[in-house]
Amino acid sequence: TKDPTAVERANLLNMAKLSIKGLIESALSFGRTLDSDYPPLQQFFVVMEHCLKHGLKGIRKSFLSYNKTIWGPLELVEKLYPEAEEIGASVRDLPGLKTPLGRARAWLRLALMQKKMADYLRCLIIQRELLSEFYEYHALMMEEEGAVIVGLLVGLNVIDANLCVKGEDLDSQVGVIDFSMYLKSEEDIGNKERNVQIAAILDQKNYVEELNRQLKLLLLSIAKNNIIKLQEENHQLRSENNLILRKTQQHLEVTKVDVETELQTYKHSRQGLDEMYNDARRQLRDEAQLRQDVENELSVQVSMKHEIELAMKLLEKDIHEKQDTLIGLRQQLEEVKAINIEMYQKLQGSEDGLKEKNEIIARLEEKTNKITTAMKQLEQSDSDLLTQTRTIAMSLVKCAGSDTQDQYKLVKDISF
């Protein structure tokens, strides 16, 4: 026994063939734009409605009843075919349509006028996973018969239709197939030759459309191949870019190691300068303490007081100059530190900064030489100051006589 669902699909396919063929033949013989009252066109919509309803799953309307509607799968076309968004919006905006079935009927009429019905339904039948939400597995739209019907719909593109959807009552229409339109009579036998000619024209048109479709597929294939080639070239360029990036990073790491070595050398030299500064400061405190002791000791000798105070003022002046010099050296050290930081930041930029690094290093070495020269001048100034102090003290001691041997010893300690 044959499967009843297979028989139903075959019957619907045959009815669709008869309906589409009869509509095309009558429309070509009619020679004018078709309207809503044209009987073959009305029967075509009834047959399409039955084809779309076959195997439709029931959508739960209430606890005990189900509602079957073809508007669900037709509304899905908008998501699969962007050009169908306009027809979906137009159907939803039509006044007077209250039921999903009415909207589905309006959708079919607008699709026919646009000559896009075959394209829309082709996008729908290839998405079997999405259709399975609306149709049973044995439905016409899920089987090969659906693809055949979609192929037959391509022939309707030769028909021009002007249908008034807005004022038509599509909600309450009863879709009944009129088989009398498809039963052949003796009068129709005489039109066989004309029908053969029309069929030949349609076959030629279908061949041209199929050739056009194959050309579109070929263009898409060529475009995909070009995209693949471009992606491969892009991948190769990225690989080369990564290789260059790794080499640059290695070079920067080597440069960074050199800079860190120079930075460590600078830190060591700075530490030596800090130690020298601390020694000078400590020596300054010791000299200040010794000066206080000398002032207390020389307060007894009134005659020598003025000369010793003059010498101590000179010593204090030199000490202030020394402090000013140390302050200047500290500022120069801060400048050296800023130059070093600037050099480190510029080294992270690019290889063009290497030239600036050499210039900054030259400036750093020049600053270091200046600091060394200043320190030497400071040491020489201290030595000259101590020599002058000793000379003054010795002259004062000689003037004071032999009773001031203890004072001579104190002055000698201060000098050394």
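In what follows, every heavy atom counts, from backbone to side chain, and hydrogens, waters and symmetry copies are set aside. For clarity, every value in this text was computed on a predicted model and none was experimentally measured.
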K.L.:
Can you see which heavy atom on M117 is nearest to which on M48, and at what distance?
P.N.:
SD-CE, 4.5 Å

K.L.:
What heavy-atom pair brings S90 and L110 nearest, and what distance separates the two atoms?
P.N.:
CB-CD1, 4.2 Å

K.L.:
Taking atom types as modelled, is there a side-chain donor on E365 or N369 under 3.5 Å from an acceptor on the other?
P.N.:
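No, because no side-chain N or O of E365 sits under 3.5 Å from a partner of the opposite role on N369.
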
K.L.:
Verify the distance criterion only: is there a donor paired with an acceptor across the side chains of Q114 and Y120 at less than 3.5 Å?
P.N.:
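Yes - a donor-acceptor pair under 3.5 Å links their side chains.
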
K.L.:
Mind checking whether Y266 and E262 have side chains closer than 4.5 Å, heavy atoms only?
P.N.:
no

K.L.:
Report yes or no: do H54 and E8 form a side-chain donor-acceptor pair below 3.5 Å?
P.N.:
yes

K.L.:
Would you list the atom pairs, donor with acceptor, under 3.5 Å between side chains in residues 70-88 and any protein atom, with sequence neighbours excluded?
P.N.:
residue	atom	partner	partner atom	Å
W71	NE1	E75	OE1	3.3
E75	OE2	R92	NH1	3.3
E78	OE1	R92	NH2	3.0
E78	OE2	R92	NH1	2.9
E78	OE2	R92	NH2	3.2

K.L.:
More than 12 foreign heavy atoms under 6.0 Å from CD of E144: is that the case here?
P.N.:
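No, CD of E144 has 12 or fewer neighbouring heavy atoms, counting only those of other groups under 6.0 Å.
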
K.L.:
With side chains defined as the heavy atoms from C-beta onward, is the minimum distance between L163 and Y38 less than 4.5 Å?
P.N.:
no

K.L.:
Apply side-chain contact (heavy atoms from CB on, under 4.5 Å) to D37 and list each qualifying residue two or more places apart in sequence or on a separate chain.
P.N.:
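side-chain contact (heavy atoms from CB on, under 4.5 Å) check on D37 returns D35, Q42.
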
K.L.:
Strictly by salt bridge (charged side-chain N to carboxylate O under 4.0 Å, His left out), give each pair with a member in residues 242-257 just once, sequence neighbours left out.
P.N.:
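Qualifying pairs, neighbours excluded: none.
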
K.L.:
Hey, could you give me the CG/CD distance between N278 and E275, rounded to the nearest 0.5 Å?
P.N.:
7.5 Å

K.L.:
If you look at every heavy atom in S132 and K57, which pair is closest and at what distance?
P.N.:
O-NZ, 2.6 Å

K.L.:
Can you confirm if the NZ or CZ of R105 lies within 45° of the ring axis of F45 and under 6.0 Å from the centre of its six-membered ring?
P.N.:
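Ring-cation test returns no.
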
